[in-house]
Amino acid sequence: MAYDLAIVLPTFNESANVAPMIDRLARALAGVRYEVIFVDDDSPDGTADLVRRLERDHPNLRVIHRIGRRGLASATIEGILAAAAPVVAVMDADLQHDESILPEMLRRINGDNLDLVVGSRNIQGGSMGQFAAWRVKLSQLGRRLSLIGAEHQLSDPMSGFFMVRVDSFERFAHRLSAIGFKILLDIVLSAGPELRIGEVPYRFRLREHGESKLDMMVGLEYFELLVDKHLGSLVNLRFILFALVGAFGVGLHLLILSALLRVGNIGFAKAQTLTTFMVMLLNFVLNNTVTYRDRRLRGWRFLRGLVTFCLACGLGVVANVAIANDVFHRGLPWWLAALIGLMFSAVWNFAVTSMTTWRQDRRSSEQRARRRIEAAAKLAAPHGGGEGLPAKSA
Ligand code: GDD
Ligand code: MN
C-alpha cells in the first residue's frame, strides 16, 4: 500500500502515551493512508518494546530503536528519512500536539504547493493553552533569539509540530546541526530562502502522562544549536565546552588558593596541592555532567573516570610547563608563553580524556538494555503477550 503521510513520533519514556497516541491518530486520519514511525532512544521504560508488540496488529506501525544515542532533533531526522510516504508530520508523542489539524496541514502542503507547514500557537486560532507562565516566557525568549539573522520569520519557531515534504527535506538534510530539541528552527535556518512555508494554528495541550524532558541541558543545547548554525564549521562544540570548564577551573583555582592563603596556617605547597585536587574534581564533575552528558559516567565508572581524568590532566600539566618554559626561554613574553602552555594542555587533556575517560562503553549500554527488556516484559503482561511469545507478522 502506498502511504500519503507518515507520522514521526520521537520518544523517550513515553510508554503510557503510545497506545492513546495511536488511537488518536486513527480517529484524526480516517480516510488518509498513513504510516506511524516511532523513533525511540532506548527508553528505560520499554517504549520501543511496547511499539514492537503493537506492530503485530498494526501493519502501518514501525519503531526505529536507537542504541547509545540521545536527542530529539537527531531522532526526528532519522524518522523523516525512514518514511515511505512523500510527506511527513513530526509531532510529540505525549499528546500535547493537536492531531486533529493534521488533515488541514496535509491539505495545505499539497494544495498550496508548500515545503513545510508549521503548527503554530502564535497565530489567530492558536494558543499556548494552559502552558506554565515561565514556559511561555522561555518560549518567547527562544523565539526572539531564533529570529536574529533568520531568513524566514516564523510565528512559532519553537514548535515541535510540523509537516514537511521528504524530497524538500532531502535537499537540506546534510546541512542540519541535529543538536537538541529545536529541529524546526534547525530546518528553517538550514534550508535557505527558497523554502515555501505555511502555518496552521493549534492549541497546545497539557501533558497528562509521563514527564517533560526539558531541562537545563536542553537549554544549553539550544545555544549550541544557534552557535553551530551561525558559526558553523569554525568550532568544535564539545571542545569549546571542555575549554570553558577548564577556564572556569583556572579562575576558581585562583579564588580558592587566595582564600586558603589568607586564612593562614597552611603553607603554599599544601594549599596549592589541595586546591589542585579540588578543582580537578570539580572540573571532572562538570565535564561529566555537561560536556559529556551523553556518555555520563556513574557508580564505579565515575571513580575510574576520575582516576584517568586526573592522570591525563597531570601529564597535561607536565607538558604544559615544559612547553611554556621552552618558548619563554626562546624570548616570548611570559603571558604568551603561559597561554601557549595552557592551550597545549587544553588540547591534550581534551584529546586524551575523550579516548580514555569518556570513550564509548558498550558494556554499560548492554546492562541498560537488560533492565529495559525487564521493564518491557512487565509492561507487556496486561496486553496479553508474555515474554517469549513468537513474533507473528501482521
Ligand atoms: N527519541 C527521542 N530522544 N525523543 C525525545 C528525546 C530524546 O532524547 N527527548 C524528548 N523526546 C520526545 C519526547 O518523548 C516527546 O515525545 C517529545 O520528544 C517532546 O518532548 P517533551 O519532553 O515532551 O518536550 P516539551 O513538551 O518540554 O517540549 C516540546 O514542546 C516544545 C514547544 O514548547 C517539544 O515538542 C519541543 O520540540 C517544542 O518546541
Ligand atoms: Mn511535551
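Atoms within each ligand, like the ligands themselves, are counted from 1 in listed order. FYI, side chains are in, hydrogens and waters are out, and symmetry mates aren't considered; it's all heavy atoms of this structure.
Interface atoms of ligand 1 facing Pro10, defined by a heavy-atom separation under 4.0 Å, are 4 (N), 12 (C), 13 (C), 14 (O), 15 (C), 16 (O), 18 (O). Interface atoms of ligand 1 facing Phe204, defined by a heavy-atom separation under 4.0 Å, are 30 (O).
Follow the hydrophobic side-chain contacts under 4.5 Å out from Val200 and you never reach Val188; the two are in separate clusters.
Which of Ile64, Asp41, Asp94 comes nearest to atom 3 (N) of ligand 1 through a heavy atom is settled by distance: it is Asp41.
Considering backbone and side-chain N/O atoms, Arg66 never comes within less than 3.5 Å of an N/O atom of ligand 1. Polar contact check, Val39 against ligand 1: a nitrogen or oxygen pair lies under 3.5 Å apart. At under 3.5 Å, a nitrogen or oxygen of Arg70, whether backbone or side chain, sits near a nitrogen or oxygen of ligand 1. Polar contact with ligand 1: present for Ala93 (N/O pair, distance under 3.5 Å).
The main-chain N or O of Arg62 is never found under 3.5 Å from a side-chain atom of Glu35 such that the two would form a donor-acceptor pair.
Considering only non-hydrogen protein atoms, atom 10 (C) of ligand 1 sits nearest to Phe181 CZ, 3.7 Å. Scanning all protein heavy atoms for the shortest distance to atom 25 (P) of ligand 1 gives Ser212 OG, 3.7 Å. Counting protein heavy atoms only, atom 26 (O) of ligand 1 is closest to Gln96 OE1, 3.0 Å. At the shortest separation from atom 21 (P) of ligand 1 among protein heavy atoms lies Arg207 NH2, 3.6 Å. Protein heavy atom in closest approach to atom 39 (O) of ligand 1: Met158 O, 2.0 Å. For atom 32 (C) of ligand 1, the closest non-hydrogen atom on the protein side is Arg121 NH1, 3.1 Å. The protein heavy-atom contact nearest to atom 36 (C) of ligand 1 is Lys182 NZ, 3.3 Å. Atom 34 (C) of ligand 1 has as its closest protein heavy atom Asp92 OD2, 3.3 Å.
The shell of residues lying under 4.0 angstrom from ligand 1, judged by heavy atoms, excludes Ser139. Judged by the shortest distance from any of its heavy atoms, Phe161 lies outside the 4.0 Å radius around the atoms of ligand 1.
In this structure, a donor-acceptor pair under 3.5 Å is present between the side chains of Ser120 and Ser155. Of the N and O atoms on the side chains of Arg262 and Ser258, at least one donor lies less than 3.5 Å from an acceptor on the other residue. Between the side chains of His209 and Asp94, no donor N or O sits under 3.5 Å from an acceptor N or O.
Using a 4.5 Å heavy-atom threshold, the side chains of Asn13 and Ser43 count as touching.
By the 30° and 60° cut-offs, the orientation of the rings of Phe284 relative to Phe309 is tilted. Ring orientation note: the planes of His97 and Tyr202 are nearly perpendicular, at an angle over 60° on the 30°/60° scale.
For a distance bound of 2.8 Å, the N, O or S atoms of Asp92 include none lying that close to the Mn ion (ligand 2). The Mn ion (ligand 2) lies at 2.8 Å or more from every N, O or S atom belonging to Ser212.
Of the heavy atoms in Ala75, only side-chain atoms (C-beta onward) come closer than 4.0 Å to ligand 1. Heavy atoms of Met128 found under 4.0 angstrom from ligand 1: none, in either backbone or side chain. Contact annotation: for Arg135 versus ligand 1, heavy atoms closer than 4.0 Å belong to the side chain alone. Residue contacts with ligand 1 for Glu14 involve side-chain atoms from C-beta outward but no N, CA, C or O (heavy atoms, distance under 4.0 Å).
Distance check, rounded to the nearest 0.5 Å: CG of Leu95 to CG of Leu206 gives 11.5 Å. Atom CG of Leu220 and atom CZ of Arg293 lie 5.0 Å apart (nearest 0.5 Å). How far CG of Leu54 is from CD1 of Ile22: 5.0 Å, rounded to the nearest 0.5 Å.
Under a 4.0 Å N-O distance rule, the pair Arg52/Glu55 does not qualify as a salt bridge.
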Show the numbers, then the answer: is there a side chain to side chain donor-acceptor pair (under 3.5 Å) between Asn349 and Thr353?
CA-CA 6 Å; Asn349 291 351; Thr353 58; over 6 Å; no
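Looking only at N/O/S atoms, Asp94 comes nearest to the Mn ion (ligand 2) through OD2.
Both tests do not hold together for Arg238 against Phe350: distance to the six-membered ring centre under 6.0 Å, angle to the ring axis within 45°.
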